[in-house]
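None of these values were measured; they are calculated from a predicted model. Side-chain atoms are counted along with the backbone in the values below, which use heavy atoms only and exclude waters and symmetry mates.
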Amino acid sequence: MVPALYPDARNRINRGPLLYRAGKCFPLRRPIDTSGRIPLLAVGSNAYPRQLADKLVGTIADLQGLPLLPTIMRGFDVAYCPVRSRKGYVPVTLASRPGAVCLTWMQWLTIDQLNLISASEGPRYALVGGKPLADASLMPAQWRKPAGIFAWWFDALLCDSESVAWFDVYRPPGSQQSGLQIERSSSRLNPVPTDWRVIPREAVQYRTDPEFMSALC
């Protein structure tokens, strides 16, 4: 992982479908079976194979394989959160932004994988989405488009002079976070759209109920 290029260091040439499995990545030349998996956007460090390895290593989930697809979102964008992570970088979140076009990734997660990642997201992220998010997405045509897509949604956005601090994928490498001043900046609420589903998570481990998630696959 390269924090200075967080959250997405891959250029357009390398933005093809891939499969992560046990610390390695393989290009996907054709669609694979995604039945029984939950489609989840990865707008931050969860798109990094190294981050996936850190979260899944030593578990059965790490051997289950995890497809990642380049995805375009319309009407949404990636914004910085008004906090710092334990590793020192500033996390990001999906947020509404009318007229925007956002380059991101979609993952097809098993329930085991989702719960391990969910445990790392903490209480300020909500697991949200459904049909409206799927309707706003564009993905490779040969892949099955899900009826609903989900995402991690932070409860607040970082602001600078009352403007949201959006992540700019077109900035020169290494400069994405150089101007962020968390301690001197303000924040504003990032409410979940009213017509979206909010997936319940446990209060301590932040796990989701397997039977509930099975109904979303």
Side-chain angles (χ1 to χ4, degrees), residues 1-73 78 85-89 91-94 103-122 125 127 129 137 139-146 148-152 169 173 176 199 201-202 204-217:
M1 179 175 176
V2 183
L5 297 179
Y6 167 90
D8 191 350
R10 281 164 286 184
N11 58 29
R12 294 194 179 194
I13 296 175
N14 294 311
R15 290 185 66 85
L18 59 90
L19 178 72
Y20 165 86
R21 185 176 186 272
K24 297 181 180 180
C25 288
F26 309 90
L28 287 173
R29 306 300 183 189
R30 61 182 64 87
I32 63 175
D33 183 16
T34 56
S35 59
R37 291 175 178 260
I38 297 93
L40 185 69
L41 292 179
V43 303
S45 62
N46 286 339
Y48 271 101
R50 172 56 194 270
Q51 184 81 310
L52 293 173
D54 287 345
K55 293 187 177 185
L56 304 180
V57 65
T59 69
I60 294 296
D62 203 28
L63 303 176
Q64 293 171 341
L66 196 163
L68 292 93
L69 305 181
T71 302
I72 296 174
M73 301 302 300
V78 180
S85 72
R86 291 189 299 271
K87 294 182 179 180
Y89 61 78
V92 295
T93 180
L94 190 70
L103 300 177
T104 186
W105 295 84
M106 188 178 72
Q107 301 171 329
W108 289 93
L109 301 173
T110 66
I111 294 175
D112 291 336
Q113 291 168 344
L114 175 64
N115 276 329
L116 284 170
I117 292 175
S118 179
S120 70
E121 296 302 326
Y125 277 102
L127 182 58
S137 69
M139 50 186 288
Q142 65 269 35
W143 285 79
R144 173 178 69 91
K145 186 171 182 177
I149 293 176
F150 298 87
W152 298 110
V169 297
Q176 282 90 336
I199 308 305
R201 302 160 69 207
E202 293 178 356
V204 178
Q205 296 294 327
Y206 309 118
R207 293 175 58 87
T208 56
D209 182 81
E211 292 186 6
F212 186 90
M213 292 311 300
S214 295
L216 303 178
C217 295

**Message:** With a 6.0 Å cut-off (strictly less than), is the heavy-atom count around CD1 of I32, excluding the residue itself, greater than 12?
**Reply:** yes
**Request:** Of all the heavy-atom pairs spanning R37 and G65, show the shortest one and how long it is.
**Result:** NH1-O, 2.9 Å
**Prompt:** Who pairs with T59 by side chain to side chain donor-acceptor pair (under 3.5 Å), at least two apart in sequence or on another chain?
**Reply:** none
**Request:** Check whether any side-chain N or O of T104 sits under 3.5 Å from a backbone N or O of A42 as a donor-acceptor pair, and report yes or no.
**Result:** yes
**Fill in**
All heavy atoms of P67 vs all of L19, minimum pair found to be N-CD1, 3.7 Å
**Request:** State, yes or no, whether a side-chain contact exists between W108 and I38 at a heavy-atom distance under 4.5 Å.
**Result:** no
**Prompt:** Can you name the closest pair of heavy atoms from L68 and A47 and give their distance?
**Reply:** CD2-O, 3.7 Å
**Complete:** Scanning both residues in full, the closest heavy-atom pair of R201 with G122 reads NH1-O, 3.2 Å
**Note, L109 side chain near F150 side chain (heavy atom, < 4.5 Å)** = no
**Asked** Hey, is the main chain of T208 close enough, under 3.5 Å, to the side chain of N115 for a donor-acceptor pair?
**Response** yes
**Item:** Minimum heavy-atom distance P17-P70, with the two atoms named
**Value:** N-CD, 3.7 Å
**Request:** Check for a donor-acceptor pair, side chain of T71 on one end and backbone N or O of M139 on the other, with a separation under 3.5 Å.
**Result:** no
**Request:** Show the numbers, then the answer: is there a side-chain contact (heavy atoms from CB on, under 4.5 Å) between I72 and L103?
**Result:** CA-CA 5 Å; I72 296 174; L103 300 177; 3.9 Å; yes
**Asked** Which pair of non-hydrogen atoms, one from L94 and one from A151, has the smallest distance, and what is that distance?
**Response** CD2-CB, 3.9 Å
**Asked** Does a side-chain heavy-atom distance below 4.5 Å link P27 with L18?
**Response** no
**Message:** So does N46 get a backbone contact from the side chain of K55, meaning a donor-acceptor N/O pair under 3.5 Å?
**Reply:** no
**Prompt:** From K145 NZ over to L69 CG, what is the distance, rounded to the nearest 0.5 angstrom?
**Reply:** 12.5 Å
**Request:** Output, in order, the C-alpha distance, side-chain angles, deciding distance and verdict of side-chain contact (heavy atoms from CB on, under 4.5 Å) for W152 and L40.
**Result:** CA-CA 8 Å; W152 298 110; L40 185 69; 3.5 Å; yes
**Prompt:** If you measure from OH on Y125 to OG on S120, what distance do you get to the nearest 0.5 Å?
**Reply:** 9.5 Å
**Fill in**
Contacts of D112 meeting salt bridge (charged side-chain N to carboxylate O under 4.0 Å, His left out) (sequence neighbours excluded), chain-then-number -> none
**Asked** Got a second to check how far R29's CZ is from Q142's CD, nearest 0.5 Å?
**Response** 12.0 Å
**Complete:** Interatomic distance, CH2@W143 vs CZ@R30, rounded to 0.5 Å, equals 10.5 Å
**Message:** Taking the side chain as everything from C-beta on, heavy atoms only, tell me whether P91 gets closer than 4.5 Å to E121.
**Reply:** no
**Item:** side chain to side chain donor-acceptor pair (under 3.5 Å) contacts in which one or both residues fall within residues 16-26, not counting sequence neighbours
**Value:** Y20-D62
**Item:** L52 and Q113, any side-chain heavy atoms less than 4.5 Å apart
**Value:** no
**Message:** Can you confirm whether S118 sits close enough to E202 that some side-chain heavy atom of one is under 4.5 Å from a side-chain heavy atom of the other?
**Reply:** no
